[in-house]
Amino acid sequence: MPLQKPNIRLRKAVIGFYAWLAALVFAAVAPFVALNVLEAGTLAARSAAVVIGTIGWLPLIAVITHIIRAGDEFNRGIHLVALACAFASALLILMVLDWLSRARFITQPSLSVLWMIFALTWAVWIFLVKYWFEHRA
Amino acid sequence: MKNRLRELRTQRNWSQAELGSRVGVSRQAIIAIETGRFDPSLPLAFKLAHVFGVSIEVLFEADER
C-alpha cells in the first residue's frame, strides 16, 4: 500500500480544521441573528428565526459527520463510544432535571439550556473517550 | 488481545506514523493497538499482517479466557 504524502495529510487536516472552525462560528452566530430577527414579532420574522436558528447548526453537523466518516476505524470507535456515553448522560441529566423541577427544587429549565447542555455533554464525552483510549495505562 | 506490532515495527525501523500510513490509519490508532487499548477490525488486522509479511496468527494472539 503506498504511503500517503505527509503534506497531503497536513493539507487535509488544515482544511478540515478551518471548515470546522467556520462551521462553529456559524453555529455560534446563528442563534444571535435568529434572536434579532425574532424581535420583529411578525409571522414571517418568527418563521425566519426558526429557520436561521436551525440552519445555523447544520454546517457543524455536516462537518463533524465528514470528519468522523473520513477518520479511520479507531477514530470512528472513539466517536461511537462518545456518542453512546453522551446519549446516556443526556438522558440522565434530563431525568434529574425533570425530577428536580417536579419536586419544585428548580423551575423547569428552558429548551435552550437543555440543547446547550446536550451539545456540551457530547463534546465533553468526545474529549474524555479520546483521553481514555490514548492515555489509559 | 496481545500483539507483536511494536516488535515487528521496530525490527523494520518504521515509525508509528509510517506504519499508520502504510495501512491507512492514524498514528494514534497504531499507538492504541500496540498498547492493547484498541483491537483492530479483521480487515485492518489483515492489512497489518500483510505489510509485515506474516500471517495474522503471528501478529495477534487471543487472550486466554
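Here is the naming used below: chain letters follow the sequence lines, and residue numbers restart at 1 for every chain.
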Are [X] and [Y] grouped together when hydrophobic residues (ILVMFWY) are joined by side-chain heavy atoms under 4.5 angstrom apart?
X: B:I30; Y: A:W132; answer: yes
X: B:V51; Y: B:F46; answer: yes
X: A:L94; Y: A:V124; answer: no
X: A:F87; Y: A:W122; answer: no
X: A:L83; Y: A:I93; answer: no

**Request:** Would you mind checking which part of B:P40 comes under 4.5 Å of any heavy atom in chain A, side chain (CB onward), backbone (N, CA, C, O), both or neither?
**Result:** both
**Request:** Search all heavy atoms of A:D72 against all heavy atoms of B:A29 and return the closest pair with its distance.
**Result:** OD2-CB, 3.8 Å
**Prompt:** Nearest 0.5 Å, what's the CD1-CZ distance between B:I31 and A:F133?
**Reply:** 14.0 Å
**Message:** For B:R12, I'd like to know if atom CZ has over 12 heavy atoms of other residues, nucleotides or ligands within 6.0 Å.
**Reply:** yes
**Item:** When B:G20, B:S41, B:A32 are compared by non-hydrogen pairs under 4.5 Å with chain A, the top option
**Value:** B:S41
**Message:** Taking 4.5 Å as the heavy-atom cut-off, does anything in residues 99-118 of chain A contact chain B, and if so which residues?
**Reply:**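 From residues 99-118 of chain A, none sit under 4.5 Å of chain B.
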